[in-house]
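Atoms within a ligand are numbered from 1 in the order they appear, just like the ligands themselves.
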Amino acid sequence: MSKILFVTSEAHPLIKTGGLADVSGSLPAALKSLNHAVRLILPAYPQAKEKAGPLKCIATIRLPGSQEEIKILEGRLPGSRVFVWLVDYPPAFAREGNPYLGPDGHDWPDNPERFALFCRIVNEIAMGRVGLNWRPDIVHCSDWQTGLVPALLSLEAERPATVFTIHNLAYQGMFPAEVFFRLGLPPQLWHFEGLEFHNHLSFIKGGLAYADKLTTVSPTYAREIQSAEFGYGLDGLLRHRAADLHGILNGIDLDEWNPATDPHIEWHYNAKRFSAKQHNKGVLQAEFGLPESGDLLLGSVGRLVEQKGVDLILDIIDQLAELPVQLALLGSGEAHFEAALQDAAARHADKFSVKLGYSERLAHRVEAGADAFLMPSRFEPCGLNQLYSLRYGTPPIVHAVGGLADTVVDATAEAIKQKTATGFCFYYASGDALLRTIGHALALYAQTPKWRSVARTGMAQVFDWRSSARKYLALYKETVKRP
Ligand code: ADP
Ligand code: GLC
């Protein structure tokens, strides 16, 4: 049995901005069900405190320079037996809403202080210095907010092994060099093979340079980030660490995302009772104010940022409106994308509808009600929505990069014949390629038996957490062996 400290800045259902929360809410529970001791640690945001309760204070810590004592609160990850430890320091974390952004939509200006403090506390706990009588064998960190943990631990003797997972290399936690000195970080970490990146402090480099093992969330993304195109200047470091870098595909929560039992949808269905899915389409059209029609209804859910290829959708929206296609889109993100999408929806009210905002319930209803799911991401480390779509018999239309390439099989004539096709892929990020691929989906949609066969093949795919958790465990084992 291993003892694993799982370090994250968000975890569903405590707090979520994206897929990292889904992973952090599921993987620890899967590790626990394989009989390992797991503690999930994250900052004590108000929402997290509310949902993980009842809470018990199990330790208090004072760091040099902090205004007041920092408490470690113990609760539970809802729906599991996993203990959650919340780092409670109200000056940094008692803020409602998004964990990274203020109400003006910009990063909190003290993000480096907030997450450096979080990392320092994790370091103390990992080293068994706060009187908890529990020391991990493995500290598993994710994304830039936790990047200083492997760096700090690298300076400790008799430390636990460290694993760092890259969920998205585009977010690096970069700050001007003076922040490094303001934070009072150990000076020996300041060099170009350490936390320095072109005279900036890079939090993510703390993970990339110092963790014993690196992972990312799909095998293809693991290769892509070693290239200049996807590496954001860190590709050299990642090539240097290639022997320690592994791609492990995410799973999904098969209970939460199950069209046969989903409490958020009106009509339950499965691969055998597939025709009931059709009723959800009518419900979704009504909910989005679209006319009830036999058009191919495309659904889309996600953060409205460049990564997700929103601009490709906008590029073709007028041409799309000429086709027997509707689009129901749920998302929130950058103001200019929100405005452009609303504008397009106003121009084509009978074909295209947008709901801006974040709604777990509506996300489930889009997956169930749409005929096909649109995910034209410019890059995608893994992607979860295409996995939800496969399970909901809603073939995904994807740009074949990262995890999308690893999980969706294009409906070529050959793949349809062999019953391996699960969706529609394009290989070059352009509006034209996207439009052609939607055209391909439309042509297949007109042939109901073939369409259903593709949807059913998708539904039969299993992306479960247990098999991913076993891969992480094998990696932990290998990592602990190394001093
Ligand atoms: P990323 O982590 O890059 O945002 P993923 O596909 O891995 O992309 O995960 C996104 C997760 O966030 C999914 O669970 C998705 O349903 C959810 N999500 C994103 N935007 C919204 C939204 N506006 N409303 C509800 N859920 C959303
Ligand atoms: C990131 C990626 C997404 C991935 C998620 C969970 O946010 O953008 O592709 O699925 O993390 O690993």
Heavy-atom gap Gly302 to ligand 1 smaller than 4.0 Å: yes
Mutual orientation of the aromatic rings belonging to Tyr45 and Phe93 [parallel < 30°, tilted 30-60°, perpendicular > 60°]: perpendicular
Atom 9 (O) of ligand 2: the protein heavy-atom neighbour that sits closest, reported with distance to 0.1 Å: Glu380 OE2, 2.5 Å
Structural part of Ser359 in contact with ligand 1, heavy atom criterion under 4.0 angstrom: backbone
Structural part of Asn250 in contact with ligand 1, heavy atom criterion under 4.0 angstrom: neither
Distance-only N or O hit between ligand 2 and His167, under 3.5 Å: yes
Phe175 and Phe203 aromatic ring geometry - parallel, tilted or perpendicular at 30°/60° bounds: perpendicular
Which segment of Asp22 sits under 4.0 Å of ligand 2 when only heavy atoms are counted: neither
Contact with ligand 1 for Lys16, non-hydrogen, under 4.0 angstrom: yes
Salt bridge present between Lys277 and Asp371 (N-O < 4.0 angstrom): no
Minimum non-hydrogen distance to atom 10 (O) of ligand 2, winning option of Gly19, Gly302, Gly383: Gly383
Sub-4.0 Å atoms of ligand 2 with respect to non-hydrogen atoms of Val23: 6 (C), 12 (O)
Asp110 and Arg95 ion-paired at < 4.0 Å: yes
Option of least heavy-atom distance to atom 23 (N) of ligand 1 (set: Ser332, Ser300, Gly357): Gly357
Ligand 2 atoms in contact with Val217 (distance to a heavy atom under 4.0 Å): 12 (O)
For atom 21 (C) of ligand 1, closest protein heavy-atom neighbour: Tyr358 CE1, 3.4 Å
Output field: ring centroids Trp144/Tyr171 closer than 6.0 Å: no
Shortest protein contact, atom 10 (C) of ligand 1 (heavy atom only): Gly19 N, 3.6 Å
Salt bridge Asp318-Arg347, side-chain N to carboxylate O under 4.0 Å: yes
Gly383: numbered ligand 1 atoms lying under 4.0 Å from its heavy atoms: 6 (O), 7 (O)
Structural part of Leu384 in contact with ligand 1, heavy atom criterion under 4.0 angstrom: both
Sidechain N-carboxylate O distance under 4.0 Å for Glu287, Arg361: yes
Ion pair Lys16/Glu360, N-O distance below 4.0 Å: yes
4.5 Å side-chain heavy-atom contact, Leu237 and Arg241: yes
Protein residue, atom and distance nearest to atom 8 (O) of ligand 2, heavy-atom basis: Gln307 NE2, 3.1 Å
Sub-4.0 Å heavy-atom approach of Lys308 to ligand 1: yes
Aromatic contact, Tyr392 with Phe373 (centres under 6.0 Å): no
Minimum-distance protein heavy atom relative to atom 13 (C) of ligand 1: Asp22 OD2, 3.7 Å
Cation-pi geometry met for Lys355 and Phe288 (6.0 Å, 45°): yes
For Gly18, atoms of ligand 1 separated by under 4.0 Å from a heavy atom: 2 (O), 4 (O), 11 (C), 12 (O)
Within the 6.0 Å centroid threshold, strictly below: Tyr472 and His140: yes
Numbered atoms of ligand 1 (with element) below 4.0 Å of Ala363, judged on heavy atoms: 25 (C), 26 (N)
Protein contact to atom 4 (O) of ligand 1 [nearest heavy atom, distance to 0.1 Å]: Arg303 NE, 2.7 Å
Cation-pi geometry met for Arg76 and Phe83 (6.0 Å, 45°): yes
Numbering as shown, the atoms of ligand 2 that approach Asn168 to under 4.0 Å (heavy-atom distance): 8 (O)
Charged N-O contact under 4.0 Å between Lys281 and Glu292: no
Ligand 1 contact by Ala21, heavy-atom criterion under 4.0 angstrom: no
Heavy-atom nearest neighbour of atom 15 (C) of ligand 1 within options Thr17, Asn385, Leu404: Asn385
